[in-house]
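Shown next, in structure tokens, is the structure this report addresses.
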Amino acid sequence: MTRRIGICTGGGDAPGLNAVIRAFVKYGGGRLGWDILGIEDCFNGLLDRPLRVRSLTPRDCQGLLQRGGTMLGTTNRGDPFALSTADGGRVDRSLDLKGGAEELGLEGIVVVGGDGTQAIGLRLMDELGIPVVGVPKTIDNDLSNTDLTFGFTSAVAVATEALDRLHTTAESHDRVLVLEVMGRDAGHIALHAGISGGADVILIPEIPYDPDRVAAKILARRAKGRPFSIVVVAEGALPKGAPTDPATRKQRIRQGRGAAAIVMAQLEGRIQAEMRACVLGHLQRGGSPAPFDRLLATRFGVGAVDLVVQERWGHLVCLRNGEIGSVAIRDAVAQKFVDPKGEFVRTAIATGVELGADLPL
Ligand code: F6P
């Protein structure tokens, strides 16, 4: 009997999602002859009636490799165990999802998503008996147990290009330019792009910053005849002493009380300089994946087929020491943060970047 496998994409989109789908369909559908059903808008396609799924063949994947976003749609508000209702409440619709999967005769579902989506996938398997295989995704690169997630390199490239552009205008006007990049909980994008783009100051959520140190760096540059400065700040970065719990942080970001504005307010009165903020936002998530992400996403798609072939349900594809491997999803949903004592932070400090705290080299 032909195997029938579903695939869905969940959480915030990331460049490379389509490349995963394409590789999975080309290998699983094209070479192995499986029926592959694309589930629309993460798990929601299995909750709605009529069901929102579409059959995917290699022909449907033409031109997908370089296309950003996800052809299946996505949502970060689609937890079937606690779905939002119109009156602001929550309802458990997980049994409807199970019914939808059974109606379609799905043997299992490949779930492409970040920590939140993978945690839901695990519950589908543990509590409802729906077999899942995971593929990690996030531009933030903050998933443990995989060296890298696709989308990260593309986001870093966008942020680095932005820094290059900001440099020339900052230098022309002798200004302080503050670039805010994504990274609600983890500062990988800020740190990587900041080093690649030659930022003078990099501020990340993992290292609460001292505004006096940031001001001192800018003044020291001025004293050396460099009257402009570039600051990169992750959206989750805050001055020391500010509440850093995830819920407060998330609410602040959603309310638009941005990290760049906070940095500028902190510097006000500490330095005499013209300052401007640039919030890069979703530009980091849109557009074509960088070559590395196309390759990684394609390898992940092939790896997901291999896991289904081996019936290693409950496992997530990962990249370890440059090679595709797998890990149990329950061990993989923890977040990965920048290590303040790690090599990337050390590289920044060694090359004169200010991180807002007194860190040993
Ligand atoms: O998790 C990826 C991410 O890009 C975060 O860095 C950011 O805070 C969040 O998504 C933004 O999500 P949304 O698209 O819901 O605004």
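Remember, it's 1-based here, ligands and their atoms both numbered in the order they're listed.
- For R123 and F81, the positive end sits near the middle of the six-membered ring, less than 6.0 Å away and at most 45° from its axis.
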(message) Please determine whether salt bridge (charged side-chain N to carboxylate O under 4.0 Å, His left out) holds for the pair D13 and R285, giving the CA-CA distance in whole Å, both sets of side-chain angles, and the decisive distance to 0.1 Å.
(response) CA-CA 7 Å; D13 68 339; R285 292 221 311 241; 2.9 Å; yes
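- Taking the six-membered ring for Trp, F152 and H192 have ring centres closer than 6.0 Å.
- S154 and D293 share a donor-acceptor pair across their side chains, judged by distance under 3.5 Å alone.
- Not a single heavy atom of Q284 sits closer than 4.0 Å to an atom of ligand 1.
- Per-residue contacts place I139 under 4.0 angstrom from the following atoms of ligand 1 (heavy atoms of the residue considered): 4 (O).
- Counting only non-hydrogen atoms, the option in D142, T74, N76, D140 that gets closest to atom 2 (C) of ligand 1 is D140.
- At a 3.5 angstrom cut-off on N or O pairs, G183 counts as close to ligand 1.
- The two residues V317 and A304 come nearest to each other via the heavy atoms CG2-N, 3.6 Å.
- Remark: among candidates K137, E235, M182, R285, the nearest residue to atom 8 (O) of ligand 1 is E235, based on non-hydrogen atoms.
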